[in-house]
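Read the structure below first, then the notes.
It should be emphasised that the depicted structure is a prediction, and the values quoted were computed from it without experimental measurement.
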Amino acid sequence: MHFDNISWDEYFMSIAVLSSLRSKDPHTKVGACIVSPDHKVLSLGYNGMPIGIDDQVIPWASHADGKAFLDSKYPYVCHAELNAILNSNHDLHGATVYVTLFPCNECTKAIIQSGIKKIIFISDKYHDTDEEIAARRMLDMAHIEYEEYTGKLPIITFKENQ
């Protein structure tokens with residue numbers, strides 16, 4: 001078998017994308033991969049319900065569904081970045097988080113508090129919302145780098161007898 005070598009960014013963002021596929025959210029699947037400065041995976045996360053909460057009982061409705069706040073996912077779901085931070089048993093100071101969606105203001109607070117120093121994201125579809133504007137303000141004040149991912153996402157197929 002022969003495979004081309006991928007970059008660290010491609011590798012870690014691919015892990016974040018793969019992690020997002022664990023989410024049961026029918027509207028937005030988000031994955032996160034936190035990595036140390038020496039390229040070690042420290043933690044993974046995806047958006048989902050807190051441990052012990054039956055995700056078949058809690059609604060997955062979004063703003064687009066026109067549901068009231070308590071009848072939507074918003075007061076219940078844990079975002080991918082927060083899950084990755086909470087799932088970690090490591091010191092996250094100086095780490096980078098690869099995430100498929102730019103962090104909201106709440107996740108940004110957790111990112112700042114955890115000591116993560118860089119965010120690499122794929123989508124910024126909520127760029128002009130108040131939550132995202134607040135997130136960028138906090139990141140700028142905390143001197144945390146953030147950049148849009150511009151690499152490719154490899155699709156690997158395995159063929160026998162290569």
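Atom CD1 of Ile144 and atom OG1 of Thr96 lie 10.5 Å apart (nearest 0.5 Å). Atom CG in Asp54 sits 9.5 Å away from atom CE in Met49 (nearest 0.5 Å). Rounding to the nearest 0.5 Å places CD1 of Ile34 at 10.5 Å from CD1 of Ile119. Atom-to-atom distance recorded for Lys73:NZ and Asp65:CG is 8.5 Å, nearest 0.5 angstrom.
Of all heavy-atom pairs spanning Asn47 and Val30, the tightest one is OD1-N, 2.8 Å. Of all heavy-atom pairs between His90 and Ser88, the closest is N-OG, 3.0 Å. Ala135 and Pro103 get closest at one heavy-atom pair: CB-O, 3.6 Å. Nearest heavy-atom pair, Ala32 versus Val97, reported as atom, atom and distance to 0.1 Å: CB-CG2, 4.1 Å. Residue Gly31 comes nearest to Ser20 through the heavy atom pair N-CB, 3.3 Å, listed as atom of the first residue, atom of the second, then distance. Nearest heavy-atom pair, Gly48 versus Asn83, reported as atom, atom and distance to 0.1 Å: N-ND2, 4.1 Å.
In this structure the side chain of Val77 reaches within 4.5 angstrom of the side chain of Trp60, judged on heavy atoms. Residues Ile122 and Met13 are in side-chain contact: their nearest non-hydrogen atoms beyond the backbone lie under 4.5 Å apart. Using a 4.5 Å heavy-atom threshold, the side chains of Phe12 and Ile6 count as separate. Using a 4.5 Å cut-off on side-chain heavy atoms (C-beta onward), Arg136 and His127 make contact. Using a 4.5 Å cut-off on side-chain heavy atoms (C-beta onward), Tyr126 and Thr28 make contact. At least one side-chain heavy atom of Glu147 sits less than 4.5 Å from a side-chain heavy atom of Lys118.
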TODO: Just do the side chain to side chain contact (heavy atoms under 4.5 Å, CB included) check on Val35 and Ile15 with the steps written out, would you?
DONE: CA-CA 11 Å; Val35 180; Ile15 293 172; over 6 Å; no
**OP:** Might you work through the side chain to side chain contact (heavy atoms under 4.5 Å, CB included) test for Val41 and Cys33, ending with a clear yes or no?
**Re:** CA-CA 7 Å; Val41 174; Cys33 177; 4.1 Å; yes
One pair to check against side chain to side chain contact (heavy atoms under 4.5 Å, CB included): Tyr46 and Asp25. What are the steps and the verdict?
CA-CA 10 Å; Tyr46 57 89; Asp25 189 328; over 6 Å; no
List the steps, then state whether side chain to side chain contact (heavy atoms under 4.5 Å, CB included) holds for Glu148 with Asp124. CA-CA 8 Å; Glu148 187 172 359; Asp124 193 12; 5.9 Å; no
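Using cut-offs of 30° and 60° on the angle between ring planes, the pair Tyr11 and Trp8 is perpendicular. Phe102 and Tyr146 have perpendicular rings, their planes meeting at more than 60° on a 0 to 90° scale where under 30° would count as parallel.
Although no hydrogens or angles enter the test, the distance criterion places no donor-acceptor pair under 3.5 Å between the side chain of Glu132 and the main chain of Thr129. Here the side chain of Lys29 pairs a donor or acceptor atom with the backbone of Ser23 at under 3.5 angstrom.
Atom CD1 of Ile51 is surrounded by 12 or fewer heavy atoms from other residues, nucleotides or ligands within 6.0 Å. Under a cut-off of 6.0 angstrom, the local environment of CZ in Arg22 is sparse, with at most 12 non-hydrogen atoms contributed by other residues, nucleotides or ligands.
Cluster membership for Leu44 and Tyr149, using ILVMFWY side-chain heavy atoms within less than 4.5 angstrom, is shared. One hydrophobic cluster, built from ILVMFWY side chains closer than 4.5 Å, cannot hold both Ile111 and Leu86; they sit in different ones.
A donor atom on one side chain and an acceptor atom on the other are found under 3.5 Å apart for Asp38 and Ser36. In the model, Tyr98 has a side-chain atom that pairs as donor or acceptor with a side-chain atom of Asp9 under 3.5 Å.
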